[in-house]
J.: 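Below is a structure I'd like to ask you about.
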Amino acid sequence: WGQVFILDALSRYKAADAREAENIVERVTPRLQHANCAVVLSAVKMILQQMELITSTDVVRNLCKKMAPPLVTLLSAEPEIQYVALRNINLIVQRRPTILAHEIKVFFCKYNDPIYVKMEKLEIMIKLASDRNIDQVLLEFKEYATEVDVDFVRKAVRAIGRCAIKLERAAERCISVLLELIKIKVNYVVQEAIIVIKDIFRRYPNTYESIIATLCESLDTLDEPEAKASMIWIIGEYAERIDNADELLESFLESFPEEPAQVQLQLLTATVKLFLKKPTEGPQQMIQVVLNNATVETDNPDLRDRAYIYWRLLSTDPEAAKDVVLAEKPVISDDSNQLDPSLLDELLANIATLSSVYHKPPEAFVTRVKTTASRTDDEDYPNGSEQGYSDAPTHVADEGASPQTSSSNAPYAATRQPAPPPAAPVSPPVPDLLGDLIGLDNSAAIVPADQAAASPVPALPVVLPASTGQGLQIGAELTRQDGQVFYSMLFENNTQTPLDGFMIQFNKNTFGLAAGGALQVPQLQPGTSGRTLLPMVLFQNMSAGPPSSLLQVAVKNNQQPVWYFNDKISLHVLFTEDGRMERGSFLEVKTCSFVTA
């Protein structure tokens with residue numbers, strides 16, 4: 001683990017020039033022979049980062065040769081490690097395919113490989129496929145297409161199509177393999193083959209149309225929406241070359257209302273293409289039926305809008321309709337290297353981490369560092385207490401804070417007092433911004449606007465926003481005044497009703513912080529706020545486990561449920577103001593700490 005951390009740190013270092021990068025790589029290269037997989041992957045990451053700065057092609061070529069054997073060795077480990085290695089290799093070959101260009105055989109699937117390993121091997125084989133090794137790869141894919149696992153078979157058939165799109169000179173061989181698979185008459189193989197052949201037609205228009213007759217023989221066996229839509233697209237796109245195109249489409253029209261939206265959209269477009277290419281009596285009747293079904297008999301807005309557009313085009317300017325519907329389509333490209341280059345750079349910088357396994361940047365699945373305290377049975381709020389809110393719904397201030405309850409069975413540090421009758425102020429009341437700065441009185445004062453203090457008090461960090469607290473906003477911070485720790489709190493009532501009967505409780509924490517008195521907040525009228533200083537005591541509510549600066553707080557009032565939020569214990573509030581300590585006191589504390597340890 002020490003080597004892993006050192007290598008990860010080195011990978012973040014940017015060398016000054018190519019010479020320094022070569023020197024660093026030379027020191028790291030022996031780590032590729034390490035027995036631990038994590039060390040190997042970290043070394044690969046480090047070398048890949050420095051290779052970006054190396055200008056010598058000979059050095060780069062030699063490094064690629066050196067990285068191949070360790071990566072291959074990873075594939076002889078347990079299936080779980082194989083999967084992690086394959087996910088990382090998937091990224092590496094997108095940036096530098098030459099590293100494993102001659103090692104494609106190690107990615108051939110074994111009969112006892114778990115399905116998740118087989119799927120990853122397929123992806124890498126597609127990326128490493130070239131004109132030189134395509135015959136080997138196609139033999140493997142054809143073998144996989146006869147396996148028993150349906151998902152694996154589908155992916156193998158689709159892989160053949162992707163190789164055809166990627167390698168133009170091998171496209172004809174790929175189509176021959178697909179036609180052989182169609183002749184096997186296995187339903188899901190045939191349907192997957194038709195889907196990929198549609199993509200091949202898009203990649204190589206007007207090249208392989210001779211196989212359409214073979215595809216039409218399997219028309220009656222299609223029952224999956226994507227396969228149906230692909231076959232309908234082929235018929236519509238090449239309607240002028242298919243003698244009975246109208247009959248083929250008519251067989252689909254019989255079940256038009258029951259078909260999925262994907263099939264309905266393709267049927268609509270294919271029928272319009274047929275009408276524009278063969279404006280005879282049969283297609284004219286078909287177009288009327290389809291447009292009527294797509295505009296009157298459907299609730300799908302996409303289908304209905306497209307039908308209306310076609311209807312307007314055909315009725316006003318058929319030539320314009322031809323220009324739109326029969327326009328030349330852009331040629332699709334190979335999607336094997338589907339990751340965006342900037343994302344690939346970020347993932348390569350995170351090789352040997354979860355990011356490289358998920359193929360997502362860290363911020364996509366790690367939002368913040370979350371500290372979770374263990375909760376035991378005795379950490380619940382007291383049931384059946386006289387406050388009677390144990391059955392009330394609970395809410396959390398933010399998604400990162402879990403509703404941890406107090407470990408103490410002591411009642412809330414608050415008392416219920418009858419609400420005083422509301423006064424009739426001359427002007428709308430505003431919070432007393434001065435508050436009680438010297439801690440002589442913990443009650444929060446609400447004063448009219450004409451008596452508000454002019455000197456502002458620094459704003460407190462918001463721990464419970466109004467959007468979460470149903471209009472109640474709480475700002476809070478631990479402070480220290482005259483040798484005493486206080487919890488400075490600001491309550492803002494943004495609701496439409498008065499709030500009173502505020503109570504507070506603290507969960508067990510590392511420093512044993514607990515309320516040293518009652519939380520006294522008078523009734524808050526709508527639109528007003530109140531500030532208070534709650535005295536705190538130390539070492540009363542200690543928690544077990546590793547030290548943490550997390551302070552978990554629960555607050556309640558008579559009108560709302562319990563609100564939970566997290567605050568942070570600032571260590572400076574625990575220190576004495578002058579920073580001095582008598583020698584005897586220091587030795588006494590040190591001795592106690594040693595004995596405790």
Side-chain angles (χ1 to χ4, degrees), residues 94 119 122-131 134 137-138 140-142 144-145 150-184 186-219 221-239 241-242 245 248-249 252 260-263 265-270 273 325-339:
Q94 289 186 49
M119 294 292 196
L122 272 180
E123 280 295 326
I124 296 170
M125 287 169 68
I126 296 169
K127 289 179 171 60
L128 294 178
S130 63
D131 292 326
I134 188 63
V137 172
L138 285 177
E140 281 295 306
F141 287 165
K142 185 179 177 182
Y144 302 157
V150 176
D151 290 335
F152 183 54
V153 170
R154 288 180 183 275
K155 184 132 185 169
V157 175
R158 194 156 292 201
I160 297 171
R162 287 175 62 183
C163 287
I165 294 169
K166 178 183 177 182
L167 306 170
E168 184 173 357
R169 286 191 287 182
E172 190 170 348
R173 281 173 281 174
C174 294
I175 290 175
S176 298
V177 173
L178 289 171
L179 291 177
E180 290 177 26
L181 293 175
I182 289 175
K183 291 176 183 176
I184 298 175
V186 177
N187 192 21
Y188 54 85
V189 174
V190 172
Q191 301 196 80
E192 201 68 36
I194 289 174
I195 293 169
V196 299
I197 287 173
K198 182 260 295 182
D199 291 335
I200 293 173
F201 283 170
R202 286 286 309 276
R203 176 69 177 84
Y204 309 107
N206 305 315
T207 306
Y208 300 107
E209 288 73 23
S210 58
I211 67 172
I212 292 176
T214 307
L215 301 181
C216 292
E217 294 174 4
S218 306
L219 209 60
T221 63
L222 305 182
D223 55 13
E224 295 176 8
E226 191 177 1
K228 278 186 179 181
S230 298
M231 192 67 227
I232 292 167
W233 181 88
I234 293 172
I235 295 171
E237 189 69 15
Y238 299 99
R241 305 187 187 187
I242 304 174
L248 297 177
L249 285 179
F252 288 104
Q262 181 182 9
V263 177
L265 287 166
Q266 282 295 350
L267 265 175
L268 172 62
T269 303
K273 288 179 181 176
V325 180
L326 303 180
E328 187 175 345
K329 297 168 184 60
V331 176
I332 63 173
S333 58
D334 171 38
D335 67 342
S336 295
N337 298 332
Q338 65 271 29
L339 288 179

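We're numbering straight along the sequence, starting at 1.
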J.: Does the side chain of Ile184 reach to within under 4.5 Å of the side chain of Leu181, using non-hydrogen atoms?
T.: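 In contact.
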
J.: Can you see which heavy atom on Ile134 is nearest to which on Ala170, and at what distance?
T.: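 Heavy-atom minimum between the residues: CG1-CB, 3.7 Å.
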
J.: Distance from Ser130 atom OG to Arg169 atom CZ, nearest 0.5 Å?
T.: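 One gets 10.0 Å once the value is rounded to the nearest 0.5 Å.
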
J.: Please round to the nearest 0.5 Å and tell me the distance separating atom CD of Glu217 and atom CG of Leu215.
T.: 9.0 Å

J.: Indicate the atoms forming the closest heavy-atom contact of Ala145 with Val157, along with that distance.
T.: CB-CG2, 4.1 Å

J.: Heavy atoms, side chains only, cut-off 4.5 Å: are Leu219 and Phe252 in contact?
T.: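 Leu219 vs Phe252: side chains touch.
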
J.: Can you list, pair by pair, the side-chain donor-acceptor contacts under 3.5 Å of residues 227-237, counting residues two or more places apart and other chains?
T.:
residue	atom	partner	partner atom	Å
Lys228	NZ	Glu259	OE1	3.3
Lys228	NZ	Glu259	OE2	3.1
Ser230	OG	Glu226	O	2.8
Glu237	OE1	Lys273	NZ	2.8
Glu237	OE1	Lys329	NZ	3.2
Glu237	OE2	Lys329	NZ	3.4

J.: Any side-chain to backbone donor/acceptor pair from Glu209 onto Arg241? Under 3.5 Å, distance only.
T.: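 No, the answer is negative, given that no donor and acceptor are paired below the 3.5 Å cut-off.
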
J.: Passes side chain to side chain contact (heavy atoms under 4.5 Å, CB included), Leu167 versus Arg173? Steps please.
T.: CA-CA 10 Å; Leu167 306 170; Arg173 281 173 281 174; over 6 Å; no

J.: Side-chain donor-acceptor pair under 3.5 Å between Tyr144 and Glu140, yes or no?
T.: yes

J.: Got a second to check how far Tyr208's OH is from Leu178's CG, nearest 0.5 Å?
T.: 11.5 Å

J.: Donor-acceptor pair, distance only, cut-off 3.5 Å: does the side chain of Thr207 make one with the backbone of Pro205?
T.: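 Yes; at least one donor-acceptor contact below 3.5 Å.
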
J.: Nearest 0.5 Å, what's the CG-CD1 distance between Leu249 and Ile242?
T.: 8.0 Å

J.: Do you know which two heavy atoms are closest between Lys166 and Ala129, and how far apart they sit?
T.: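 Lys166 and Ala129 have their closest heavy atoms at NZ-O, 3.1 Å.
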
J.: Looking at side-chain heavy atoms only, is the closest gap between Ile160 and Val196 below 4.5 Å?
T.: no

J.: To the nearest 0.5 Å, tell me how far Cys163 SG sits from Leu138 CG.
T.: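 The SG atom of Cys163 sits 6.5 Å away from the CG atom of Leu138.
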
J.: Quick one, Glu123 with Arg162, criterion salt bridge (charged side-chain N to carboxylate O under 4.0 Å, His left out). Give me CA distance, side-chain angles, the key distance, then yes/no.
T.: CA-CA 10 Å; Glu123 280 295 326; Arg162 287 175 62 183; 3.0 Å; yes

J.: Within the 4.5 Å heavy-atom criterion, are Tyr238 and Ile212 side-chain neighbours or not?
T.: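 They are in side-chain contact.
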
J.: Measure the shortest side-chain to side-chain distance between Ile197 and Ile182 over non-hydrogen atoms and say whether it is less than 4.5 angstrom.
T.: yes

J.: Quick check: are there more than 12 heavy atoms from other residues, nucleotides or ligands sitting under 6.0 Å from CD of Glu180?
T.: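 Check passes, neighbour count above 12.
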
J.: Could you grab the distance from atom NZ of Lys198 to atom CD of Gln266, nearest 0.5 Å is fine?
T.: 7.0 Å

J.: Is there a side-chain contact between Val331 and Arg202 (heavy atoms, below 4.5 Å)?
T.: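 Sidechains of Arg202 and Val331: no contact.
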
J.: Name all residues meeting the salt bridge (charged side-chain N to carboxylate O under 4.0 Å, His left out) criterion together with Asp223; count only those two or more places apart in sequence or in a different chain, and write none if there are none.
T.: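 Applying salt bridge (charged side-chain N to carboxylate O under 4.0 Å, His left out) to Asp223 gives none.
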
J.: Taking all non-hydrogen atoms of both residues, which atom of Ile211 and which atom of Phe201 are closest, and how far apart?
T.: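 Looks like CG1-CZ, 3.8 Å.
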
J.: Which heavy-atom pair separates Ala171 from Ala164 by the least distance, and what is that distance?
T.: CB-O, 3.8 Å

J.: Can you check whether Ile126 reaches Arg158 side chain to side chain, under 4.5 Å on heavy atoms?
T.: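 Side chain of Ile126 against side chain of Arg158, heavy atoms only: no contact under 4.5 Å found.
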
